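All values reported here derive from a predicted model rather than from experimental measurement. So that the names make sense, note that chain A is the first sequence line, chain B the second, and so on, each numbered from 1.
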Amino acid sequence: MALVNCENITLSYEGRNVISDLTFHLGKGEYLCIVGENGSGKSTLLKGILGFVKPSEGTISFDGIAQNEIGYLPQQTDRQKDFPASVSEIVISGCLNRMGFRPFYSSKEKNLAARNMERLGISSMVQKPYNELSGGQQQRVLLARALCAAESLLVLDEPVTGLDPVVTGELYELIRKLHQEGMTIIMVSHDVSAALKYADLILHLHHNGYFFGTRREYEQSPFCMMLKPGGDEE
Amino acid sequence: MHISDFLSYPFMVNALIVGLLVSVCCALLGVSLVLRRFSMIGDGLSHVGFGALAIATVAGVAPLTVAVPVVVLSAFILLRISERGRIGGDAAIALISTSALAIGVMAVSMNSGINTDISNYMFGSILALSRSDVILSVVLAVIVLLFFLFFYHRIFAVTFDETFARATGVKAGLYNTLTAMFTALTVVLGMRMMGALLISALIIFPPLTAMRICRTFRTVTVCSLLLSLFSFTAGLFLSFLYGTPAGAGIVVTDLVFFLLFSIAGAIRRK
């Protein structure tokens, strides 16, 4: 069984089915990019994977990890931009899924947080306030938090939104590095060129139907034309 | 005037105990409420509390037996409205606040005419506190303190990023509900002393003032707690000296601290 299994799922948002009869499997260590126009159901699918909405039909299951062991990188909210919190306070909150009923973090969790900050090159800013960091640094902090929660799967929701091209490139490289270290990645993106550059597998959601396959297969498919500049949509 | 004079009146001792405990609750709950943009909930609750107290007085029943269930119920409703985050959420809160206020004023006026009762509810009176208020506030403060101590990290996670917290299995809805419920109880307990129009200042001022200078969640929480305790004591003493309503004295002290911290924060950022 693969790490992530979506079998014939139907998901609805505000009473409307936005995804119907979707099936895909993601093996350990694979890199999947989910693309599609706005409103095609990308966010709803993420909510399904994270367990916020239950599929009305079909099943979403995981092999070897629990649903709360997904390392999730949500889109930033305005509220967070001026939130008083230190880098370490945020990163270690990714360990909450390991706490059970314990009220406080143990040294094991503190070490895990420190290791992940080192992994993402933010060790020098441990005590810095989050709201004084640049956009790229903030994403690294949230990614380090996701790594604390992640056993083997990272789910990234539009990770490069609002970043300049240089920082965007750095973040993609960082994600590539994590993938090479064995992380399974699911990334929702508007950026088809990045998807084609980094991902092994592409899931393209569309109002009527979807495409799921390897990057090569996708490049040959009519779906690919839709999102490319000069294609017949967007 | 000596500090022992201040404490020689039993009602002053009651006011000090209840006030300090309510301040602790307000400061802790306030950090989470303000950061989540739920400041208006405290304000809405106090107006609903006023309406409930007024009706209880007119009906001749014990004030808390009406106010507690009504305000707790309103807290859930206001929380749901705020969580939706749609346009009109704040308008809906304003609608509920003013309606409750109007109903309360109607109830009291039809019964006795606008007079001391209304004034006491709106601006508070330290004479209103009884022995049972002291006991209630001890119980509430202990529960709120334990809630914060044991769930501190989870409360941080839900406050900073509810979506992420839910993804890691934190029951965000439960924390929101408990926060709303504790806020409702704190407001009901504190409003007769602070006044319906002023109790929400106790929730909003300390965290906002702390945030002028502090930059981490932990320091904001601790600073907010200390500010809240200090402003309450200083404000109560001030009103005792000048014979003004306690609530007003406390809020003015809060305002002074807010301005001082804002200036200090602006200088530091330069």
Side-chain angles (χ1 to χ4, degrees), chain A residues 43 46-47 49-53 66-105 109 126-133 141-143 145-146 148-151 153-155 157, chain B residues 30-39 82-86 145-175 206-224 261 265 268-270:
Chain A
S43 322
L46 274 199
K47 285 188 185 132
I49 292 171
L50 295 165
F52 298 163
V53 290
Q67 199 157 34
N68 72 350
E69 290 170 343
I70 297 172
Y72 177 43
L73 179 70
Q75 292 190 45
Q76 277 212 60
T77 60
D78 285 341
R79 194 168 85 202
Q80 285 162 1
K81 287 181 184 138
D82 58 355
F83 194 100
S86 68
V87 168
S88 65
E89 282 178 319
I90 294 171
V91 172
I92 202 166
S93 71
C95 297
L96 275 174
N97 59 354
R98 300 164 193 274
M99 302 253 287
F101 290 105
R102 257 184 305 132
F104 306 109
Y105 298 115
E109 280 125 15
V126 175
Q127 291 310 325
K128 274 209 165 168
Y130 178 77
N131 54 19
E132 287 174 14
L133 304 181
V141 171
L142 298 186
L143 195 54
R145 177 183 67 169
C148 286
E151 276 305 317
L153 174 62
L154 281 178
V155 172
D157 191 359
Chain B
V31 171
S32 200
L33 291 173
V34 167
L35 282 171
R36 305 192 59 195
R37 308 281 193 268
F38 288 169
S39 305
S82 303
E83 274 177 343
R84 294 274 157 80
R86 297 226 172 109
L145 265 177
L146 288 178
F147 173 64
F148 261 83
L149 217 55
F150 279 96
F151 301 110
Y152 172 80
H153 295 294
R154 291 170 176 87
I155 291 167
F156 167 76
V158 172
T159 309
F160 178 69
D161 190 342
E162 186 170 331
T163 324
F164 180 84
R166 280 167 63 204
T168 48
V170 176
K171 298 200 170 26
L174 179 67
Y175 290 97
L208 272 184
T209 304
M211 275 178 243
R212 297 306 103 197
I213 290 196
C214 304
R215 288 277 174 271
T216 70
F217 190 74
R218 185 182 298 261
T219 52
V220 166
T221 308
V222 173
C223 182
S224 166
F261 273 56
R268 213 179 71 161
R269 267 193 295 279
K270 277 219 171 124

**Report entry** Top contributor to chain B contacts, counting heavy-atom pairs under 4.5 Å, from A:Tyr72, A:Phe101, A:Tyr130, A:Phe83
**Finding:** A:Phe83
Query raised in the report: Can you check side-chain contact (heavy atoms from CB on, under 4.5 Å) on B:Cys223 and B:Phe261, steps first, answer last?
Result: CA-CA 11 Å; B:Cys223 182; B:Phe261 273 56; 4.0 Å; yes
Requested in this report: Pick one of side chain, backbone, both or neither for A:Leu142, based on which atoms fall under 4.5 Å of a heavy atom in chain B.
Outcome: side chain
Query raised in the report: Strictly under 6.0 Å, is that where the ring centroids of B:Tyr152 and B:Phe217 end up?
Result: yes
Query raised in the report: What part of A:Glu132 gets closer than 4.5 Å to chain B, counting heavy atoms only: side chain, backbone, both or neither?
Result: side chain
Requested in this report: Please work out whether the ring planes of B:Phe156 and B:Phe160 are parallel, tilted or perpendicular, with thresholds of 30° and 60°.
Outcome: parallel
Query raised in the report: Measuring heavy-atom distances to chain B, does A:Arg98 have an atom under 4.5 Å in its side chain, in its backbone, in both, or in neither?
Result: neither
Query raised in the report: Considering only heavy atoms, which portion of B:Thr219 lies under 4.5 Å from any heavy atom of chain A: side chain, backbone, both, or neither?
Result: neither
Requested in this report: Tell me, out of B:Val31, B:Val220, B:Thr163, B:Val170, who's got the most heavy-atom pairs with chain A below 4.5 Å.
Outcome: B:Thr163
Query raised in the report: If you count heavy-atom pairs under 4.5 Å between each of A:Pro84, A:Ser86, A:Gly51 and chain B, which one has the most?
Result: A:Pro84
Query - Crowding at CZ, B:Arg218 (>12 non-hydrogen neighbours, <6.0 Å) - result: no
Query - Choice from A:Pro129, A:Ala149, A:Ser88, A:Ala146 maximising heavy atom contacts with chain B below 4.5 Å - result: A:Pro129
Requested in this report: Step through the shown structure and confirm whether more than 12 heavy atoms of other residues, nucleotides or ligands are within 6.0 Å of CZ on B:Phe150.
Outcome: no
Query raised in the report: What part of A:Phe104 lies closer than 4.5 angstrom to a heavy atom of chain B: side chain, backbone, both or neither?
Result: both
Query raised in the report: Is any side-chain heavy atom of B:Arg212 closer than 4.5 Å to a side-chain heavy atom of B:Arg269?
Result: no
Query raised in the report: What part of B:Val34 is in contact with chain A, defined as an atom under 4.5 angstrom from a non-hydrogen atom: side chain, backbone, both or neither?
Result: neither
Query - Crowding at NZ, B:Lys171 (>12 non-hydrogen neighbours, <6.0 Å) - result: no
